[in-house]
Amino acid sequence: MRKENTFPVSFTFSALFKACSMGLDVNLGRQTHAQTILIGGFDNDLYVKNSLIEMYVKLGFLECGRKVFDELPERDLISWTELIVAYAKIGDMESAGELFDQLPLKDMVAWTAMVTGYAQNAKPREALELFERMQNEGVKTDEVTLVGVISACAQLGAAKYSNWIRGIVKNLGCDPTRCVVVGSALIDMYSKCGNVEDAYKVFDTMEERNVFSYSSMISGFAMHGCAYAALELFHEMVNMGIKPNRVTFIAVLTACSHSRMVEQGRQIFASMEEKFGISPGVDHYACMVDLLGRAGLLEDALKLVETMPIEPNGGVWGALLGSCRTYSNTDIAQIAANHLFELEPNAIGNYILLSNIYASAGRWNDVSTVRKLMREKDLRKNPGCSWMEVKKGVIEEFFAGDMTHPRSGEMKHVLEHLQNGLKSIGYEPNMNSVAYDVNDEEKRRILITHSEKLALAFGLLSINADCPIWIMKNIRICEDCHSFMCGVSQITGRVIIIRDNLRFHHFHDGKCSCGNFW
DNA sequence: GTAGGGTTAG
């Protein structure tokens with residue numbers, strides 16, 4: 001294919017393109033591209049074209065790279081894969097998938113690029129599906145593939161998948177104690193699957209640990225409410241000479257936040273700049289606002305937002321609004337909501353939060369104003385949803401208020417029975433957890449059909465008595481469900497583990513691992 | 001001589 005030009009000419013242009021991509025100079029790159037057209041004879045020169053595609057992709061001009069690629073009569077696997085990755089990186093998995101499907105001969109790297117792409121774009125089911133297809137087609141896998149698969153399992157929080165992964169890692173002959181990337185991914189997976197003990201086992205046996213492994217483990221402890229362990233690990237890492245990064249600080253501050261450790265959090269926040277030379281970013285401020293707000297120091301939190309040196313974003317105001325919900329503070333909620341509606345006009349969650357805050361204060365007029373605003377913007381609430389992993393690959397889903405499940409008759413019976421039993425130990429439905437202005441009977445009906453209660457009923461019907469009941473859900477667990485779960489763990493002797501959108505609750509003997517603070 | 005990797009608040 002290089003008939004018309006001698007190798008050195010191709011080599012020169014290729015080197016020029018490389019220099020442009022390293023120097024981030026797209027103008028020079030374009031000029032050089034034009035020159036190759038002027039000189040001519042490079043139409044079928046894969047060597048030149050591949051480096052040209054690479055340059056455009058690296059400089060963020062994906063469509064230009066794609067055009068060069070499309071015009072090539074013969075394309076090679078490397079550019080093909082490079083484009084798949086580029087589409088995945090900008091979140092366009094549809095284009096990535098189209099390219100992948102057209103690829104005539106797919107190798108391990110191309111498959112891995114797709115699996116990883118799905119995992120990185122919050123499509124864990126697609127990632128796992130593709131990985132299974134990859135295996136069925138007899139494609140080899142290595143530890144890079146596994147890292148994507150492990151990350152997908154972490155997102156699903158599916159413990160049965162995590163057992164399956166353990167087998168695959170072993171079969172591959174990969175030793176997580178020696179591979180720091182696989183080890184770190186496993187730590188995250190076990191933590192997110194509710195098994196912080198196994199996460200620590202991986203961490204503990206690793207021969208080499210870096211900032212990723214430490215940050216993952218600290219964040220794992222934070223998720224499970226083990227704030228002291230998280231802080232201890234943080235100090236250990238510093239003593240070992242491993243420099244914490246921005247992510248590490250988010251993990252430590254989250255740990256403090258979820259355990260009401262205000263002073264420790266303040267000290268660590270101050271040390272970021274003083275000791276580690278990292279200036280706190282907007283996310284770190286969001287953590288601090290969360291820390292203060294969760295502890296009920298709403299005025300302090302507001303003051304911090306108003307005096308912070310960088311522009312607060314939706315996350316910062318959102319953390320404040322969330323705390324206003326916990327402490328029913330409508331005044332500060334209003335301030336936070338006004339900013340949020342400006343910054344994130346279409347984020348449904350903010351409207352729901354504000355509406356719920358008004359509802360718990362009994363301000364039904366304000367509730368309907370917010371609801372009207374939502375209707376005008378045609379924002380639809382995404383329903384509360386819980387799911388349960390019955391066996392590997394089989395997931396049962398439950399939606400709030402939805403009684404169309406084939407076993408919902410039995411489930412209803414179980415829930416009524418539990419409710420009666422709970423009365424005798426002092427449980428009363430918490431009407432404040434219902435954000436609608438309806439009568440008490442209707443409130444009771446709404447409460448008893450919250451998705452996690454439906455899942456619990458299904459679990460009690462179908463899971464062996466000696467096994468814990470695992471439930472995952474998409475939104476924060478409400479006060480009523482929380483005390484309901486505490487009570488059920490007491491009267492049935494069952495262990496119930498719920499992963500909400502943020503963290504884990506382990507219910508056992510009438511108590512929750514979060515100490516009723518979440 | 002070129003393609004695929006882990007941690008992030010609400």
Side-chain angles (χ1 to χ4, degrees), chain A residues 10-11 14-15 17-18 21 46-55 57-58 76-86 88-89 103 107-117 119-120 141-151 154 176 179-189 191-192 210-220 222-223 244-258 280-291 293-294 313-326 336 340 344 347 349-350 353 475-476 501-503:
Chain A
S10 295
F11 183 82
S14 186
F17 290 137
K18 192 144 293 177
S21 67
L46 274 183
Y47 190 52
V48 168
K49 291 295 169 95
N50 285 347
S51 47
L52 181 56
I53 295 171
E54 185 192 356
M55 178 197 74
V57 167
K58 287 214 166 114
D76 83 354
L77 180 60
I78 307 237
S79 308
W80 214 306
T81 310
E82 194 164 30
L83 282 172
I84 291 174
V85 172
K89 288 229 163 95
L103 188 52
D107 71 348
M108 176 171 76
V109 179
W111 279 93
T112 302
M114 279 303 289
V115 171
T116 307
Q120 289 173 341
T141 54
D142 65 4
E143 67 259 25
V144 183
T145 323
L146 276 191
V147 168
V149 181
I150 295 171
S151 157
C179 178
V180 67
V181 182
V182 172
S184 305
L186 284 174
I187 292 171
D188 182 51
M189 179 187 79
S191 304
K192 288 188 177 154
N210 62 13
V211 63
F212 281 91
S213 14
Y214 271 100
S215 305
S216 299
M217 195 62 243
I218 292 171
S219 145
M223 251 182 271
N245 65 16
R246 317 187 74 83
V247 178
T248 321
F249 282 107
I250 290 188
V252 197
L253 292 173
T254 308
C256 294
S257 185
H258 287 305
V282 72
D283 292 348
H284 300 105
Y285 277 96
C287 288
M288 283 309 284
V289 171
D290 186 59
L291 170 76
R294 251 176 227 280
N313 64 3
V316 175
W317 288 113
L320 187 61
L321 187 63
S323 306
C324 292
R325 207 218 63 130
T326 312
L340 280 169
E344 307 174 334
N350 300 328
L353 260 180
I475 51 178
R476 183 188 147 101
N501 53 340
L502 288 182
R503 59 172 293 171

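Just so we're on the same page: letters track the sequence lines, and every chain starts at 1.
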Excluding sequence neighbours, so at least two apart, what forms ring pair (Phe, Tyr, Trp, His ring centres under 6.0 Å) with A:Phe17?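 None.
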Which part of the nucleic acid, if any, lies within contact of [X], taking any heavy atom under 4.0 Å across all strands shown: a base, the sugar-phosphate backbone alone, or nothing?
X	value
A:Val282	nothing
A:Asp283	base
A:Arg503	nothing
A:Lys58	sugar-phosphate
A:Gly148	nothing
A:Met114	nothing
A:Leu77	base
A:Gly183	nothing
A:Thr145	base
A:Val85	sugar-phosphate

Between [options], which nucleotide gets closest to the side-chain atoms of [X]?
X	options	answer
A:Cys179	B:dG6, B:dG10, B:dG5	B:dG5
A:Val180	B:dA3, B:dG10, B:dG6	B:dG6
A:Glu54	B:dT2, B:dG4, B:dA9	B:dT2
A:Val109	B:dG5, B:dA3, B:dG10	B:dA3
A:Lys192	B:dG4, B:dA9, B:dT7	B:dT7
A:Val147	B:dG5, B:dG4, B:dT7	B:dG5
A:Asp76	B:dG4, B:dT2, B:dT7	B:dT2
A:Ile78	B:dG5, B:dA3, B:dT7	B:dA3
A:Val247	B:dG4, B:dT8, B:dG6	B:dT8

A:Leu83 side chain near A:Val57 side chain, heavy-atom distance below 4.5 Å: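 The answer is yes, as the side chains (C-beta and beyond) meet within the 4.5 Å cut-off.
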Is there a side-chain contact between A:Arg246 and A:Asp283 in this structure, where contact means two heavy atoms from C-beta onward sitting under 4.5 Å apart?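 No, side chains not in contact.
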Check the distance between [N]'s [atom2] and [X]'s [atom1] and give it to me in whole angstrom.
X	N	atom1	atom2	answer
A:Asn245	B:dT8	CG	C1'	9 Å
A:Leu291	B:dA9	CG	C1'	11 Å
A:Asp142	B:dA3	CG	C1'	13 Å
A:Phe17	B:dT2	CZ	P	17 Å
A:Trp111	B:dG5	CH2	C1'	19 Å
A:Leu321	B:dG10	CG	C1'	10 Å
A:Glu82	B:dG4	CD	P	7 Å
A:Asn350	B:dA9	CG	C1'	14 Å

Is the shortest side-chain N/O distance from [X] to OP1 or OP2 of [N] below 4.0 Å?
X	N	answer
A:Lys89	B:dA3	no
A:Gln120	B:dG6	yes
A:Arg246	B:dT7	no
A:His258	B:dG10	yes

For [X] and [Y], indicate whether the former's side chain and the latter's backbone hold a donor-acceptor pair under 3.5 Å.
X	Y	result
A:Ser184	A:Val180	yes
A:Asn350	A:Leu353	no
A:Asn210	A:Ser213	yes

Could you tell me whether the side chain of A:Ser216 has a donor or acceptor atom within less than 3.5 Å of a complementary atom in the base of B:dT7?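 A donor-acceptor contact between them is absent.
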Under the 3.5 Å rule, do the base of B:dG10 and the side chain of A:Asn501 count as making a donor-acceptor pair?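 By the distance-only test, no, there is no pair.
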Verify whether one side chain among A:Ser191 and A:Asp188 offers a donor that lies under 3.5 Å from an acceptor in the other.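 There is no such pair (donor and acceptor under 3.5 Å, judged by atom type) between the side chains of A:Ser191 and A:Asp188.
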